[in-house]
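I have placed the structure first, in the form of structure tokens, so that the comments after it can refer back to it.
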Amino acid sequence: MTIEFNLLLCVAYLLGSISFAVLLARLRHQPDPRSFGSRNPGASNMLRLGNRPLALATLLGDMGKGALVVWLARHEGLEPVQQAWVGLAAVIGHILPLYHRFQGGKGVATAAGVLLLLSWPAAAVAALAWLGAFAIRSIASLASLVACVVLLPWLAWHSPELQIPVSLMVLIILLRHRLNIGRLLAGTENRFRS
């Protein structure tokens with residue numbers, strides 16, 4: 001099982017390294033998402049292009065790769081905690097993608113896809129926290145941070161076996177949001193306008 005686990009970690013990182021925002025922008029002859037807005041290759045920055053279908057496709061692609069690697073790990077008979085480590089590898093791939101000079105996204109959508117297959121109730125808790133925070137403030141980064149913070153105590157209570165890999169996933173996402181946190185504290189973070 002160790003060989004399969006190590007192989008899946010590598011596969012997960014390589015799949016996670018596929019940036020759907022960058023690929024879809026190239027296919028649709030749009031600007032590189034790393035060159036405008038938040039410079040983040042993710043769904044919310046793609047939405048800044050004003051192209052909702054492209055943003056939705058980015059979101060589904062990023063979530064899908066996270067879900068896919070967990071499904072592969074489950075299909076190979078790995079334990080839930082091993083599936084979580086494989087999911088973490090995909091999130092790291094998204095944040096530090098091999099194919100895009102290690103200039104990746106924040107990892108939120110990929111982590112959501114991982115959670116959806118690891119523990120759909122945990123994913124539901126995080127999604128509700130995200131939606132609630134976004135409805136109040138219209139700031140995607142704040143909503144992501146709230147979802148991360150709410151997720152950990154829920155997991156500690158309901159799925160403690162997943163706590164270590166998911167906590168590392170959350171820590172990496174929080175570190176990736178460090179500039180956003182600075183802007184939130186300064187009151188200068190971008191809001192989405194309707």
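N40 places no side-chain N or O within 3.5 Å of a backbone atom of N45 that could act as its donor or acceptor partner. A donor-acceptor pair under 3.5 Å is absent between the side-chain atoms of D62 and the main chain of A109, judged by distance alone. In this structure a side-chain-to-backbone donor-acceptor pair under 3.5 Å is missing from S119 to L115.
The salt bridge (charged side-chain N to carboxylate O under 4.0 Å, His left out) analysis of residues 22-32, with sequence neighbours excluded, yields the pairs D32-R34. Under the side-chain hydrogen bond (donor to acceptor under 3.5 Å, both in side chains) criterion, the residue pairs touching residues 163-184 are K106-N180, Q163-S167, N180-E189, R183-E189, with sequence neighbours excluded.
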In residues 87-105, what donor-acceptor pairs under 3.5 Å come from side-chain atoms, sequence neighbours left out?
residue, atom, partner, partner atom, Å
H94, ND1, K65, NZ, 2.9
Y99, OH, L14, O, 3.1
H100, NE2, S19, N, 3.4

Yes or no on side-chain contact (heavy atoms from CB on, under 4.5 Å) for S144 and I173, after CA distance, side-chain angles and deciding distance? CA-CA 9 Å; S144 298; I173 290 170; 5.7 Å; no
Starting from the C-alpha separation in whole Å, work towards a yes-or-no answer on side-chain contact (heavy atoms from CB on, under 4.5 Å) for L72 and V86. CA-CA 9 Å; L72 288 171; V86 169; over 6 Å; no
I'd like to know whether M63 forms a side-chain contact (heavy atoms from CB on, under 4.5 Å) with T110, so could you lay out the CA-CA distance, the side-chain angles of the two residues, the decisive distance to 0.1 Å, and finally the verdict. CA-CA 5 Å; M63 285 183 69; T110 304; over 6 Å; no
Evaluate the side-chain contact (heavy atoms from CB on, under 4.5 Å) criterion for residues S159 and E161: first the C-alpha distance (whole Å), next the side-chain angles of each, then the deciding distance (0.1 Å), finally the verdict. CA-CA 5 Å; S159 300; E161 72 280 5; 3.9 Å; yes
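Both L145 and L185 are part of a single hydrophobic cluster, where members link through side-chain heavy atoms under 4.5 Å apart. Under the 4.5 Å side-chain heavy-atom criterion for grouping Ile, Leu, Val, Met, Phe, Trp and Tyr, V149 is not connected to V114 through any hydrophobic cluster. Residues I164 and L155 share a single hydrophobic cluster, defined by chaining ILVMFWY side chains whose heavy atoms lie under 4.5 Å apart. Note on L118: it does not cluster hydrophobically with L128, by side-chain heavy-atom contacts below 4.5 Å among ILVMFWY residues.
Note: L59 CG to L54 CG = 12.0 Å, rounded to the nearest 0.5 Å.
For W130, the ring pair (Phe, Tyr, Trp, His ring centres under 6.0 Å) partners are F134, not counting sequence neighbours. For W71, the ring pair (Phe, Tyr, Trp, His ring centres under 6.0 Å) criterion is met by H75, not counting sequence neighbours. Under the side-chain contact (heavy atoms from CB on, under 4.5 Å) criterion, V146 pairs with A129, A133, L142, V150, not counting sequence neighbours.
Contact between A43 and T58 at its shortest, heavy atoms only, is N-CG2, 3.7 Å.
Under the 4.5 Å side-chain criterion, counting only non-hydrogen atoms from C-beta, P33 is in contact with V22.
Atom CG of L171 has more than 12 heavy atoms from other residues, nucleotides or ligands within 6.0 Å. A 6.0 Å sphere centred on CZ of R74 holds more than 12 heavy atoms belonging to other residues, nucleotides or ligands.
Remark: of the listed residues L8, L9, T2, L9 is the sole one forming a side-chain contact (heavy atoms from CB on, under 4.5 Å) with F5.
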